[in-house]
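Every chain is numbered from 1, with letters handed out A, B, ... down the list of sequences. For clarity, every value in this text was computed on a predicted model and none was experimentally measured.
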There are 2 protein chains.
Amino acid sequence: MPGTRSSRTLLRQEVVEGIKRYILRERLRPGDPLPAEPALCEALGASRSSVREAIKILDALDIVDVRHGHGTYVGRLSLSALVESLTFRGLLSPGDDFQVLADLVDVRELFERGMAERIVSSLSDEQLDTLDSLVQTMRETGADEGSGFVAADRAFHALLIAPVGNDLIGQLSMAFWDVYTIVAPHLDGFTHADELSTISAHQSLVDAARAEDTTAFLKALEEHYAPVRRRVTEARARDDAAS
Amino acid sequence: MPGTRSSRTLLRQEVVEGIKRYILRERLRPGDPLPAEPALCEALGASRSSVREAIKILDALDIVDVRHGHGTYVGRLSLSALVESLTFRGLLSPGDDFQVLADLVDVRELFERGMAERIVSSLSDEQLDTLDSLVQTMRETGADEGSGFVAADRAFHALLIAPVGNDLIGQLSMAFWDVYTIVAPHLDGFTHADELSTISAHQSLVDAARAEDTTAFLKALEEHYAPVRRRVTEARARDDAAS
DNA sequence: ACAGAGCAGACGTCCGATGTCCCGCTGATA
DNA sequence: TATCAGCGGGACATCGGACGTCTGCTCTGT
């Protein structure tokens, strides 16, 4: 008779742990295939429904990657769940997305400030050249061709934080960048002057890094994030006035 | 006839978006109830299976909170998904959990270093007293009563980062602390001397904060994290030698 | 050899029945 | 009257099976 169990812990949660244990025990790596659903059902003693719900949970955490028609594989363990989660938090906020955005900017700046020394000391010449070319790309693709601009901005910050050799910080940094760009459009205060100052700040960052001048790099960081912070503050004030 | 659809996007994913939209549209807040599963099925035009899988995904992200026997509610939007995800990444790592741990320590230190000034300037007298008492708790509960020690350590760092007024940083900081304590036991190199130096470092942090001496605070931070970093490095070396 | 039809395996979706959990109502008891 | 065991209903949990869709591979024709 179905449904007969009451072990205080949800079956699907046991299945989740079971699948995680399986991956660990078999020393699987991202991309490796997992047994098919029926096999997991038998191995874990659960119906297909429970196994599927467990897999969906693991999929949401990018611990598992399900491909329709192919099978189920070990996931890449990215921080996609963090992005999803924070994005929704930003969208949900009381009516005050602004605090979330301000916090986000704080964290992004914190990462780059905290890594400033390691950044300027470990960027190679080729990497600096690449950064230069990205700034050039931002100059060429105006706000009209927005997608190119934001892509260049993302690549810039990714490359900036990459050479410190801390994957976690790199991925977190990009996750926060992603969340910011998804949530930020709500505040629409990005003028042409802002764009120019942003580009100029990026150029200052590259120049400071090339000169291995940490102080100048920190100054450029402030030059970069101050306008962002100002836009958030202005949007908040505008919203407060409206309500 | 069931299963008839091919809109290139998975139905359960549409349901996920639908539920998110519903929460946003109705301006629901954490703790507010969602419609029952049958109602969601009808509203979103999907079977119960698909709705349930979607709910499990949202539950994994803490966007939704399912309580057996009660109903489904808007979640607290914590960073539990990040903890789950990073923990598993740490456990899975090639055989090199150590890099993950080192990265984790870097990030934790980065947060507190970057917020040093705001921490020392915004801690109230009562908060400083609480920090003192937490250090005292750590002194009294030796490594024998481990749970009290780690609880005090967690509370200490939580209180340290709380007054800066950036919820995101606070929650991230605690998330990383959680992940570290879950993954770290693999390296078991925590001696009595380590414990004493840890306690001493915490006391130095409080003293520096009370004196509003940022320089001393930064020095105490280094005193705190250096042993942690050393243990990770030693464990890595030990592991390399063994293999 | 090469291109298209067909096949097999794996995940996606739907359905209906039954079990378990929790809460609030009810009525017997002290 | 106050209390609490017992009942009922609502909501989620689990099960089993049926059918659809997707993808890659093979087996045909030309």
Handout entry: Distance, rounded to the nearest Å, where B:Glu53 contributes CD and D:dA13 contributes P
Key = 13 Å

Exercise for the section: Please state how far atom CG in B:Leu11 lies from atom P in D:dC19, giving the value in whole angstrom units. Expected result: 20 Å

Practice task
Please tell me which of the listed nucleotides, D:dA13, D:dC22, C:dC11, lies nearest to the side chain of B:Arg8?
Solution key: D:dC22

Practice task
Could you tell me whether the side chain of B:Arg48 has a donor or acceptor atom within less than 3.5 Å of a complementary atom in the base of C:dG16?
Solution key: no

Practice task
Ignoring backbone atoms, test whether B:Arg12 places a side-chain nitrogen or oxygen under 4.0 Å from the OP1 or OP2 oxygen of C:dT13.
Solution key: yes

Exercise for the section: Assign the ring pair A:His202 / A:His157 to parallel, tilted or perpendicular, where the plane angle (0 to 90°) is split at 30° and 60°. Expected result: perpendicular

Problem - B:Gln136 atom CD, over 12 foreign heavy atoms within 6.0 Å - result: yes

Practice task
Kindly compute the distance separating OG1 (B:Thr72) from CG (B:Asp59), expressed to the nearest 0.5 Å.
Solution key: 8.5 Å

Handout entry: Distance in angstrom units between A:Tyr73 OH and C:dG9 C1', rounded
Key = 11 Å

Exercise for the section: Check whether any side-chain nitrogen or oxygen of A:Ser50 sits under 4.0 Å from OP1 or OP2 of D:dC15, and answer yes or no. Expected result: yes

Fill in the blank from the handout: note: B:Arg52, atom CZ; D:dC12, atom C1'; distance rounded to Å ~ 6 Å

Practice task
Tell me whether the OP1 or OP2 atom of C:dG12 has a side-chain N or O from A:Lys56 closer than 4.0 Å.
Solution key: yes

Fill in the blank from the handout: d(A:Leu159 CG, A:Gln127 CD) to nearest 0.5 Å is 5.5 Å

Practice task
May I ask you to say whether A:Arg118 pairs ionically with B:Asp106, meaning some side-chain N is under 4.0 Å from a carboxylate O?
Solution key: yes

All N/O pairs under 3.5 Å across the protein-nucleotides 8-11 of chain D interface:
unit_1 : atom_1 : unit_2  : atom_2 : d
D:dG10 : N2     : B:Gly69 : O      : 3.1

Practice task
Whole angstrom is fine here: how far is it from CD1 in A:Ile55 over to P in D:dT14?
Solution key: 14 Å

Handout entry: Salt-bridge present (B:Glu17, B:Lys20; N to O < 4.0 Å)
Key = yes

Practice task
Output the single nucleotide from C:dC14, C:dT13, D:dT14 whose closest atom is nearest the side chain of B:Leu10.
Solution key: C:dT13

Problem - Heavy-atom neighbours of B:Glu84 CD exceed 12 at 6.0 Å - result: no

Handout entry: Nearest-Å distance for atom pair CD/C1', residues B:Glu14 and C:dC14
Key = 16 Å

Handout entry: Earlier contact from the 5' end, DNA chain C, for B:Ser47 and A:Pro35
Key = A:Pro35

